[in-house]
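Below is one structure, written out as structure tokens; the observations come after it.
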Amino acid sequence: MNRLLLIVDPQIDFISGSLAVNGAAKAMDALADYLYKRDELYQYKIVTNDWHPLNHCSFQRNGGSWPVHCVQYSIGAAIYPKLLEPLFNINSTTKVLTKGNNPRIEEYSIFKNRSSANYINRIINMKQIEQIDLCGIAGDYCVLDTLKDGIKFYGKDMFNVLMPYVVSIDNGKTLNEFVKNNSIKVTY
């Protein structure tokens with residue numbers, strides 16, 4: 001089976017920065033270990049990154065709901081360091097795609113960013129991807145919205161949520177409820 005690994009927003013601000021999610025470092029450390037052991041499962045890996053300009057609409061100071069986070073070119077926007085080696089120095093190809101770079105648009109889901117969504121679609125077709133393993137931060141926002149939008153494009157049978165590598169602000173309540181109610185494949 002041809003698989004794609006889609007890791008949502010494994011960025012410093014969501015792990016130890018301005019919008020840190022409880023348990024994120026532990027989950028991303030475990031994901032790094034998983035990649036060292038299981039990288040051969042994947043024909044391709046995609047990492048999504050929030051990539052906000054300073055005047056982004058999601059920031060509280062600009063009328064949004066969130067503290068300033070993942071500002072373009074800042075340390076907080078960087079990929080968690082322990083993931084760098086297994087993402088970029090092992091067998092399968094890894095591509096980083098950005099979202100939230102338009103100051104007027106909130107893009108929790110990578111599929112809301114047209115150019116990133118088109119790139120993913122090309123990879124799915126080119127690599128004949130049959131399953132997308134999904135994980136990352138935060139399960140109740142960006143992971144969930146990516147899953148919902150991905151289902152619209154590819155159907156629910158395309159997705160498998162890797163729960164050990166997902167952390168949520170609400171401790172998993174919303175994502176767990178969604179996958180249960182929609183019969184989404186899950187790996188624990």
Side-chain angles (χ1 to χ4, degrees), residues 4-36 39 42 44-117 119-120 123 133-147 149 162-172 175:
L4 179 145
L5 179 62
L6 181 55
I7 306 170
V8 177
D9 302 349
Q11 295 168 270
I12 291 174
D13 271 346
F14 296 130
I15 296 167
S16 60
S18 62
L19 198 47
V21 178
N22 190 31
K26 184 178 179 182
M28 294 303 102
D29 289 347
L31 177 58
D33 291 341
Y34 170 80
L35 287 170
Y36 281 120
D39 184 73
Y42 300 103
Y44 211 85
K45 298 177 295 229
I46 292 176
V47 175
T48 74
N49 269 11
D50 262 4
W51 194 246
H52 297 315
L54 273 171
N55 61 341
H56 196 261
C57 65
S58 71
F59 299 160
Q60 290 165 339
R61 69 183 195 184
N62 301 327
S65 303
W66 305 107
V68 174
H69 64 280
C70 300
V71 172
Q72 296 171 354
Y73 307 103
S74 72
I75 291 171
I79 293 172
Y80 185 58
K82 288 187 180 179
L83 285 174
L84 292 176
E85 179 79 21
L87 282 173
F88 296 102
N89 207 20
I90 301 183
N91 302 325
S92 63
T93 302
T94 300
K95 174 74 174 174
V96 177
L97 299 176
T98 60
K99 61 188 177 69
N101 45 349
N102 182 324
R104 295 181 303 281
I105 299 173
E106 180 64 271
E107 294 175 335
Y108 291 133
S109 165
I110 193 64
F111 294 109
K112 293 269 191 288
N113 184 291
R114 182 169 291 155
S115 106
S116 292
Y119 185 90
I120 293 170
I123 293 302
D133 286 352
L134 178 66
C135 61
I137 309 168
D140 43 347
Y141 287 94
C142 297
V143 174
L144 179 60
D145 279 18
T146 296
L147 178 59
D149 285 346
L162 300 176
M163 285 298 191
Y165 318 116
V166 177
V167 290
S168 303
I169 296 168
D170 70 354
N171 294 316
L175 181 61

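For clarity, every value in this text was computed on a predicted model and none was experimentally measured. What you see below is based on every heavy atom in this structure, not just the backbone, and it leaves out hydrogens, waters and symmetry mates. Along the sequence shown, the residues carry numbers beginning at 1.
Using a distance-only test at 3.5 Å, with no hydrogens or angles considered, no donor-acceptor pair links the side chain of Asp13 to the main chain of Leu19. Within the 3.5 Å criterion, the main-chain N or O of Asp50 finds a donor-acceptor partner in the side chain of Gln11. Looking at His69, its side chain never comes within 3.5 Å of a backbone N or O of Ala77 through a donor-acceptor pair. A donor-acceptor pair is defined here as one N or O able to donate and one able to accept, closer than 3.5 Å; no such pair exists between the side chain of Ser116 and the backbone of Asn113. With Thr146 contributing its side chain and Cys142 its backbone, the two residues share a donor-acceptor pair below 3.5 Å. Ser168 places no side-chain N or O within 3.5 Å of a backbone atom of Asp170 that could act as its donor or acceptor partner. A side-chain donor-acceptor contact under 3.5 Å links Asp140 to the backbone of Ile169. Side-chain atoms of Thr48 come within 3.5 Å of backbone atoms of Asp9 as a donor-acceptor pair (strictly under, hydrogens ignored).
A perpendicular orientation is assigned to the rings of Tyr108 and Trp66, their planes being inclined by more than 60° (bins at 30° and 60°). Aromatic ring orientation, His52 versus Phe59: perpendicular (interplanar angle above 60°, classes split at 30° and 60°).
Contact annotation: the side chain of Lys45 approaches that of Leu87 to within less than 4.5 Å [non-hydrogen atoms, C-beta and beyond]. Using a 4.5 Å heavy-atom threshold, the side chains of Ile123 and Thr93 count as separate. Annotation: side chain of Asp29 is in contact with side chain of Tyr80 (closest heavy-atom distance under 4.5 Å). At a threshold of 4.5 Å between non-hydrogen side-chain atoms, the residues Tyr42 and Asp133 count as touching. Annotation: side chain of Phe14 is in contact with side chain of Cys70 (closest heavy-atom distance under 4.5 Å). Put simply, the side chain of Arg104 does not reach to within 4.5 Å of the side chain of Cys57, judged on heavy atoms.
Each of Ile110, Leu134, Ile137 was compared with Val8 under the side chain to side chain contact (heavy atoms under 4.5 Å, CB included) criterion, and only Leu134 meets it. Paired with Leu83 under the rule side chain to side chain contact (heavy atoms under 4.5 Å, CB included), one option of Leu31, Val47, Ile15, Thr94 passes, and it is Leu31.
Of all the heavy atoms in Gly139 and Leu175, the pair that sits closest is O-CB, 3.7 Å. When all heavy atoms of Phe111 and Ala117 are compared, the pair lying nearest together is O-CB, 3.7 Å. Taking every heavy atom of both residues into account, Pro164 and Ala27 meet most closely at O-CB, 3.9 Å. Scanning both residues, Met28 and Tyr165, for their nearest heavy atoms gives CE-O, 3.5 Å. Minimum heavy-atom separation, Asn55 to Pro103: OD1-CB, 3.4 Å.
Atoms NZ and CD, on Lys99 and Glu107 in that order, are 8.0 Å from each other to the nearest 0.5 Å. Of the inter-residue distances, the one linking Tyr141 atom OH with Ser58 atom OG reads 12.0 Å to the nearest 0.5 angstrom. Rounding to the nearest 0.5 angstrom, the gap separating the OG atom in Ser115 from the CG atom in Leu97 is 7.5 Å. Taking CD from Gln72 and CG from Asn101, the interatomic distance works out to 6.5 Å, rounded to the nearest 0.5 Å.
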Is there a side-chain hydrogen bond (donor to acceptor under 3.5 Å, both in side chains) between Asn49 and Thr98? Walk through the geometry before answering. CA-CA 5 Å; Asn49 269 11; Thr98 60; over 6 Å; no
